[in-house]
Amino acid sequence: MTQQNTSGDLMEKLVALCKRRGFIFQSSEIYGGINGFWDYGPLGVELKRNIKEAWWQDTVTKRDDIVGLDCSIIMNPKVWEASGHIVNFNDPLVDCKSCKARFRADKVFAVTAKDGENVLLQVGAEAETDEQAKAAAIAGTNSKTRRRVEDHADRIAWEIWRADKAPAGASNLCPLCGGALTDARKFNMMFKTFVGAMEDSSSVAYLRPETAQGIFANYKNVLDSTRIRPPFGIAQIGKSFRNEINPRNFTFRSREFEQMEIEFFCHPSEADKWYAYWRDERYNWYIGLGLTSSKLRLRPHEKTELAHYAKACADVEYQFPFGVSELEGVANRTDFDLTQHQKFSGKDMAYFDDETKQRYIPHVIEPSGGCDRATLAFLCEAYTEDTAPDENGNPQARTVMKFHPRLAPVKVAVFPLVKKEGMPETATKIHQACKRAGLASFYDEKGAVGRRYRRQDEAGTPFCATVDGQTALDQTLTIRDRDTLKQERISTDKVVAYVREKLGL
RNA sequence: GCGGGCGUAGCUCAAUGGUAGAGCGCCAGCCUUCCAAGCUGGCUGUUGUGGGUUCGAGCCCCAUCGCCCGCUCCA
């Protein structure tokens with residue numbers, strides 16, 4: 001409890017800082033906001049762009065076996081029929097909490113037989129009517145119970161209800177394993193819209209709930225338009241939409257979010273190998289960008305946790321202040337998706353290997369990461385409170401965002417120590433040189449230099465270059481490290497090279 | 001979705017049912033030769049929104065939106 005209160009404070013501070021410094025705003029805030037949607041401000045958009053750029057560099061640009069793609073958000077609705085997203089869209093469903101089986105709520109009944117206060121029988125049954133449910137319940141029980149029910153038929157009180165009409169507080173039972181079922185609900189998780197001006201059933205379309213299906217739908221196009229061959233991957237970054245019942249935890253569960261997904265196609269016999277490869281590769285990617293390994297976990301899914309299409313799955317999880325939650329899932333989706341699309345589209349999805357003369361539908365390993373979740377994790381990781389000495393040498397509280405330099409929204413800030421003696425002019429020139437060199441640079445001459453340092457600390461700027469009295473004499477300035485507060489004197493014309501080297505560029 | 005808490009200036013918070021305030025920040029200047037607190041002046045509100053009660057509502061009532069916490073959920 002204490003820990004959660006502390007954590008809550010940390011999250012509150014982070015949310016406040018994000019708003020104050022322009023990382024993240026609530027969407028449509030002037031109209032009272034809208035639940036589950038968020039905007040990235042000037043610093044936030046730079047941070048998020050840097051994360052996406054790092055991902056693209058590391059998964060596409062630096063590799064020979066992955067190509068990129070950018071699909072439309074709205075696709076032919078048949079895509080979602082094939083993927084399974086649209087199944088039973090309008091029917092209330094219940095899920096078994098134990099065995100994960102799913103049923104239409106109007107086809108599952110709870111049957112209870114009571115002899116006075118004595119419950120003889122309480123089961124779930126798949127059926128169309130009350131009578132069928134009762135019959136199924138009797139048929140499914142053991143012979144002893146069946147005899148008691150039949151012998152005392154006149155004393156037995158039957159309670160039978162449909163899963164979507166359960167009395168308040170009553171829970172339904174799984175017809176297969178006897179486990180508890182969730183409440184009945186509609187899975188209208190996809191945002192629905194209409195293509196064209198007419199709003200009728202023939203024009204219904206959906207905002208994609210994942211970018212993956214666009215990749216599967218283009219798998220043939222990529223094979224035919226490039227000379228890439230399995231094992232190979234297709235990567236995409238893009239927005240997806242899910243009408244989450246309960247958005248929560250700042251940007252963590254949003255209704256509009258950005259995904260970074262790879263679908264990696266390989267021979268079925270190599271799927272396990274590639275699954276292990278990508279699981280480790282993706283886990284290490286986050287560590288390389290500064291998430292500490294003690295807060296990062298790689299958690300393999302239990303068999304019962306696996307979705308129907310997955311043979312194996314592991315989550316990269318991060319210990320957020322509000323709990324351990326998923327950043328990315330790496331799944332072995334087998335040939336499920338391509339087979340589905342082959343079935344629904346009638347197009348052949350098999351790949352013919354000229355060397356082995358073998359024809360097969362590739363299996364797919366899917367590393368699927370949440371860009372906004374990664375951004376939030378990097379924000380949480382970066383948030384640090386420490387102390388720095390003030391002008392009298394007394395320690396003062398300091399808030400600093402310790403972003404990995406590669407992700408920092410601003411790479412370098414350039415200051416004149418004081419606003420006179422030509423220092424602003426010199427500093428401006430250096431600032432301009434940094435910008436020309438492609439470094440995100442910020443110029444500030446307002447107020448005391450200590451205040452400017454602190455402002456940059458909150459923005460997470462790794463380096464501050466300060467022009468002082470000595471600059472005019474020997475063309476050197478001080479460059480200050482965000483984390484250590486240490487300063488070095490370097491030549492004014494070395495600022496770009498210095499920052500680049502520290503960024504690892 | 002259920003239960004609880006909260007919503008006042010950019011931020012943190014005050015204000016018996018009776019004239020909406022403070023600190024910080026921000027802006028303009030001054031002073032400042034290296035780590036936020038010096039000086040002068042200035043800006044800021046349909047008290048989340050909509051109704052209702054009242055002579056009078058930031059305060060009481062209802063609804064609604066949003067945020068936080070706990071359950072639930074996350075094919």
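Naming: A, B, ... by sequence-line order, numbering from 1 per chain. What you are looking at is a predicted structure, and each value in this text was computed from that prediction instead of being measured.
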Where the side chain of A/Lys420 is defined as all heavy atoms beyond and including C-beta, which of B/rG66, B/rU32, B/rC34 is the nearest nucleotide?
B/rU32

Could you say whether A/Lys419 or A/Arg248 is positioned toward the 5' end of RNA chain B, judged by the nucleotide with the nearest heavy atom to each?
A/Lys419

Give the residues of residues 440-453 of chain A touching RNA chain B, defined as any heavy atom closer than 4.0 Å, sorted by residue number.
A/Lys446, A/Val449, A/Gly450, A/Arg451, A/Tyr453

A/Lys19 NZ to B/rG48 P: how many Å, rounded?
13 Å

Which part of the nucleic acid does A/Phe25 contact within heavy-atom distance under 4.0 Å: base, sugar-phosphate only, or nothing?
nothing

Output the rounded distance in Å from CG (A/Asp481) to C1' (B/rC35).
13 Å

Ring geometry between A/Phe322 and A/Phe320 (parallel below 30°, tilted from 30 to 60°, perpendicular above 60°)
parallel

Calculate, to the nearest 0.5 Å, the distance between atoms CZ and CG belonging to A/Arg299 and A/Asp315 respectively.
5.5 Å

Round to the nearest Å and state the distance from A/Phe322 atom CZ to B/rC74 atom P.
18 Å

For A/Glu385 and B/rA36, give me the distance from atom CD to atom P, rounded to whole Å.
16 Å

Can you name the residues that form a side-chain hydrogen bond (donor to acceptor under 3.5 Å, both in side chains) with A/Arg482, not counting sequence neighbours?
none

Please measure how far the P atom in B/rC69 lies from the corresponding atom in B/rC24, and state the result in whole Å.
31 Å

Regarding A/Arg398, tell me which of base, sugar-phosphate or nothing describes its non-hydrogen contacts under 4.0 Å with the strands shown.
nothing

A/Gln487 CD to B/rU33 C1': how many Å, rounded?
12 Å

Between B/rU16 and B/rG56, how far is it from one C1' atom to the other, in whole Å?
15 Å

When rounded to whole Å, the CD to P distance for the pair A/Glu328 and B/rC74 reads 22 Å

For the P atoms, the ones on B/rA9 and on B/rC59, what distance do you get once it is rounded to whole angstrom?
15 Å

Ignoring hydrogens and angles, does a donor from either the side chain of A/Arg480 or the base of B/rC35 sit under 3.5 Å from an acceptor on the other?
yes

Quantified in whole Å, what is the P atom distance between nucleotide B/rG58 and nucleotide B/rG7?
15 Å

Work out how far the C1' atom of B/rU54 is from that of B/rU12, and round it to whole angstrom.
33 Å

Categorize A/Arg455 for me: base, sugar-phosphate, or nothing, with a 4.0 angstrom heavy-atom threshold over every strand shown.
sugar-phosphate

When you compare the side chain of A/Cys371 with that of A/Lys52, does any pair of heavy atoms fall below 4.5 Å?
yes

For the C1' atoms, the ones on B/rU44 and on B/rA28, what distance do you get once it is rounded to whole angstrom?
16 Å

Output the single nucleotide from B/rC67, B/rC35, B/rC34 whose closest atom is nearest the side chain of A/Leu485.
B/rC35

Options B/rC35, B/rC74, B/rC67, nucleotide nearest the side-chain atoms of A/Arg253
B/rC74

Taking the side chain as everything from C-beta on, heavy atoms only, tell me whether A/Arg297 gets closer than 4.5 Å to A/Val324.
yes

How does RNA chain B look in dot-bracket form if you count Watson-Crick and G-U pairs under 3.5 Å, write [ ] for pairs that cross, and put | where a base pairs with another strand?
(((((((..((((....[..)))).(((((.......))))).....(((((..]....))))))))))))....

Please report the distance separating the C1' of B/rU64 from the corresponding atom of B/rC6, rounded so that it comes out in whole Å.
16 Å

Would you call the rings of A/His341 and A/Phe216 parallel, tilted or perpendicular if under 30° counts as parallel and over 60° as perpendicular?
tilted

Taking the six-membered ring for Trp, are A/Tyr40 and A/Phe23 closer than 6.0 Å centroid to centroid?
no

Distance in angstrom units between A/Glu458 CD and B/rG25 C1', rounded:
11 Å

Aromatic contact, A/Phe265 with A/Tyr219 (centres under 6.0 Å)
yes

Answer with base, sugar-phosphate or nothing: what part of the nucleic acid does A/Gln470 contact at a heavy-atom distance below 4.0 Å?
nothing

What contact category does A/Asn35 fall into here, base, sugar-phosphate, or nothing, at under 4.0 angstrom with non-hydrogen atoms?
sugar-phosphate

Heavy atoms of other groups near A/Arg49 CZ, more than 12 under 6.0 Å:
no

Does the structure place the NZ or CZ of A/Arg373 under 6.0 Å from the centre of the six-membered ring of A/Phe252, at an angle of no more than 45° from the ring's axis?
yes

Considering only atom P, compute the distance from B/rG21 to B/rG45 and round it to an integer number of Å.
12 Å

When we call it a touch if two heavy atoms are under 4.0 Å apart, what does A/Asn249 touch: a base, just sugar-phosphate, or nothing?
sugar-phosphate

Can the ring centres of A/Phe264 and A/Trp278 be said to be less than 6.0 Å apart?
yes

Rounded to whole Å, how long is the line connecting atom CD of A/Glu326 with atom P of B/rC74?
13 Å

